[in-house]
Novice: 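First, the structure itself, so that you have it in front of you.
First the proteins, then the strands, lettered A, B, ... as listed; each starts at 1.
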Amino acid sequence: MSSVEAEVTRLYRVRRTVLEMLRDRGYVISDTSADDLGMTAAEFENNFTASGYSRDSLTMFKQLRANAGEQIYVFFPRDVKLGKAAVDEYKRRLTNEGVARAIIVLQGPMTPSANKAVGEMEPAVRLELFLENELLINITKHVLVPQHEVLSDTEKAALLARYKLKDSQLPRVQKKDAVARYYGLTAGQVMKITRPSETAGRYCTYRLCVG
Amino acid sequence: MTDDDLAGRGVSYDHSPAGAWVDVGLTLPAAAAGRVQVADLAAAAARAVDVRAVPGVTRVFVEEAPGGGDDAWQVTTQGCNLDAARAAGDLVDVARIESNHIWAMLQAYGVEAGRAALVRDLNAVFASYGKVDPRHLGLIADYMTHNGGYRAFNRISMEGAPSEFQKMSFETTTAVLTTAAINGTSDHMTSPSASIVMGEVPLVGTGTFELMQSF
């Protein structure tokens, strides 16, 4: 396999994982449409080649199923090492269009100043960073990863009331945890985890996002 | 001259039977070529050879998987490189890559997968001792992954625990007892282990309350 073919295959997989991730987060993604998850590897190769191998052509803009006003951008920067100028450019674009959330799919580590620029944008704009390598596969499809479900604020309140708990009494999950990042969790959110259990068939537990 | 004479003078010679081609090799003293860069020769030789390595993996075995069927084959490696395994999606079923490197699993697949891997490995160890209730092992795994990371389950990680009896019931009873006596520490008897050590009903479940009967 030539390096260009390998690169196209990689990007196809990364794009598919990003779409599945957005779908699992509740964004409007079609499982069958050729624009979304229905696109085959061959179609992807055609489109990507026709665009002149431009990563900009992969940019996505999606909205939440429950609230069309909440939108998200996914950027695929050209630069192997993303710099501050590029981050500022994304920031301008998000501010102009009033979008509060974006995912950047990096080819490698960013420059320190770019990293700082990302942190400065919170909480007005939330930028999530993923490495291409991390998105080659969808970790939630792994046999050892149980079913995770992010609770809404009302569901969380109901849970704490039902067990008479403070949220600090729940088991925890780190914000930088692979699954927490998959669902884009922020500190204070709670995930419901349904594990297979030898004794009970299924066992539900909860983890509070910290860090 | 015969072929042997030629070979003695550093000349090799070959030709096709019908005389369609002739191949002559000349051997010259190294000085004739000027300087010889051994490094260049080595680099050229290395480029011509196909060698691949996966960092961290030292040996690879292709084995028949237990169970057979569609999954008749599995690859087992000595050393762990999950990134490399995940990149080989066209060769292996990436949803079933597993490792006994719990920390690597936890980082790559999240704390719940780390917990599941831990339970599976604990089970494998205890299976040889007969039946151990999975609740015990699940409890240990829950303890170790409670804060979202991976915490050791040993007396060193337990040093900061407030209950002296709990620490004594785990390991090195006399060492803990001596230290507690020297420092004059007390136990609030709220941990289940402390209650069991002292033969009391632990403050859990139906032990959390008492009944008063009116006669």
Novice: Can you confirm whether R13(A) sits close enough to D90(B) that some side-chain heavy atom of one is under 4.5 Å from a side-chain heavy atom of the other?
Specialist: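 They are in contact (side-chain heavy atoms under 4.5 Å apart), so the answer is yes.
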Novice: Provide the closest heavy-atom pair for T145(B) versus R207(A) in the form atom of the first, atom of the second, distance.
Specialist: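 Heavy atoms only, the tightest pair is O-NH1, 2.9 Å.
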Novice: Checking heavy atoms, do the side chain of T205(A), its backbone, both or neither come under 4.5 Å from chain B?
Specialist: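 For T205(A), the side chain is the part near chain B, not the backbone.
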Novice: When you look at V94(B) and K141(A), which way does the side-chain contact (heavy atoms from CB on, under 4.5 Å) test go after all the steps?
Specialist: CA-CA 9 Å; V94(B) 286; K141(A) 287 183 178 171; over 6 Å; no
Novice: With chain B, which of L136(A), V179(A), V173(A), T199(A) has the greatest number of heavy-atom pairs at distances under 4.5 Å?
Specialist: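 Looking at each of L136(A), V179(A), V173(A), T199(A) in turn, T199(A) comes out on top.
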Novice: To check you understand the geometry: which heavy-atom pair defines the closest contact between A108(B) and A178(A), and what is its length?
Specialist: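 Closest approach of A108(B) to A178(A), heavy atoms only: O-CB, 3.5 Å.
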Novice: Does CD belonging to E210(B) count more than 12 external heavy atoms closer than 6.0 Å?
Specialist: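 No, CD of E210(B) has 12 or fewer neighbouring heavy atoms, counting only those of other groups under 6.0 Å.
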Novice: Would you sort out whether I193(A) and E112(B) count as a side-chain contact (heavy atoms from CB on, under 4.5 Å), showing the intermediate values?
Specialist: CA-CA 8 Å; I193(A) 295 150; E112(B) 276 298 319; 3.6 Å; yes
Novice: Any chance CG of N154(B) has more than 12 other-residue heavy atoms, nucleotides or ligands included, within less than 6.0 Å?
Specialist: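 Enclosed: over 12 neighbouring heavy atoms sit under 6.0 Å from CG of N154(B).
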Novice: Between I137(A), N133(A), V145(A), who has the most heavy-atom pairs with chain B when the cutoff is under 4.5 Å?
Specialist: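 If we count pairs closer than 4.5 Å to chain B, I137(A) comes out on top.
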Novice: Please identify each residue that fulfils side chain to side chain donor-acceptor pair (under 3.5 Å) with R15(A), with sequence neighbours left out.
Specialist: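 Counting only residues at least two positions away or on another chain, R15(A) forms no side chain to side chain donor-acceptor pair (under 3.5 Å).
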Novice: Could you tell me whether R78(A) atom CZ has more than 12 heavy atoms of other residues or ligands within 6.0 Å of it?
Specialist: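 Atom CZ in R78(A) is not crowded, with 12 or fewer foreign heavy atoms closer than 6.0 Å.
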Novice: Taking every heavy-atom pair that is under 4.5 Å apart, which of R172(A), K176(A), H148(A), H142(A) has the most such pairs with chain B?
Specialist: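 When all of R172(A), K176(A), H148(A), H142(A) are compared, H142(A) has the most.
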Novice: Are more than 12 heavy atoms from other residues, nucleotides or ligands located less than 6.0 Å from atom OH of Y203(A)?
Specialist: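 Atom OH in Y203(A) is not crowded, with 12 or fewer foreign heavy atoms closer than 6.0 Å.
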Novice: Answer with side chain, backbone, both or neither: which region of D142(B) has an atom nearer than 4.5 Å to a non-hydrogen atom of chain A?
Specialist: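 For D142(B), side-chain heavy atoms alone lie under 4.5 Å from chain A.
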Novice: Less than 4.5 Å apart, side chain to side chain, heavy atoms only: is that true for E198(A) and N123(B)?
Specialist: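 Yes; the side chains approach each other to less than 4.5 Å.
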Novice: Is there a side-chain contact (heavy atoms from CB on, under 4.5 Å) between V143(A) and Y109(B) once you walk through the steps?
Specialist: CA-CA 10 Å; V143(A) 286; Y109(B) 293 97; over 6 Å; no
Novice: Go through the steps for R115(B) and R195(A) under the test side-chain contact (heavy atoms from CB on, under 4.5 Å), then give the verdict.
Specialist: CA-CA 11 Å; R115(B) 183 198 172 276; R195(A) 302 171 183 154; 3.2 Å; yes
Novice: Which heavy atom of H146(B) sits nearest a heavy atom of L170(A), and at what distance?
Specialist: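 Where H146(B) meets L170(A) most closely, the heavy atoms are NE2-O, 4.2 Å.
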Novice: Just checking K81(A): does its NZ atom have more than 12 heavy atoms from other residues, nucleotides or ligands closer to it than 6.0 angstrom?
Specialist: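 Count over threshold, so yes.
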Novice: Minimum heavy-atom separation for A117(B) to L144(A), with atom names?
Specialist: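 Between these two residues, the closest heavy atoms are CB-CD1, 4.0 Å.
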Novice: Inspect the surroundings of CZ in F61(B) and state if more than 12 heavy atoms from other residues, nucleotides or ligands are less than 6.0 Å away.
Specialist: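 Yes.
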Novice: Measuring from D83(B):CG to E134(A):CD, what's the distance to the nearest 0.5 Å?
Specialist: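 It comes to 8.5 Å.
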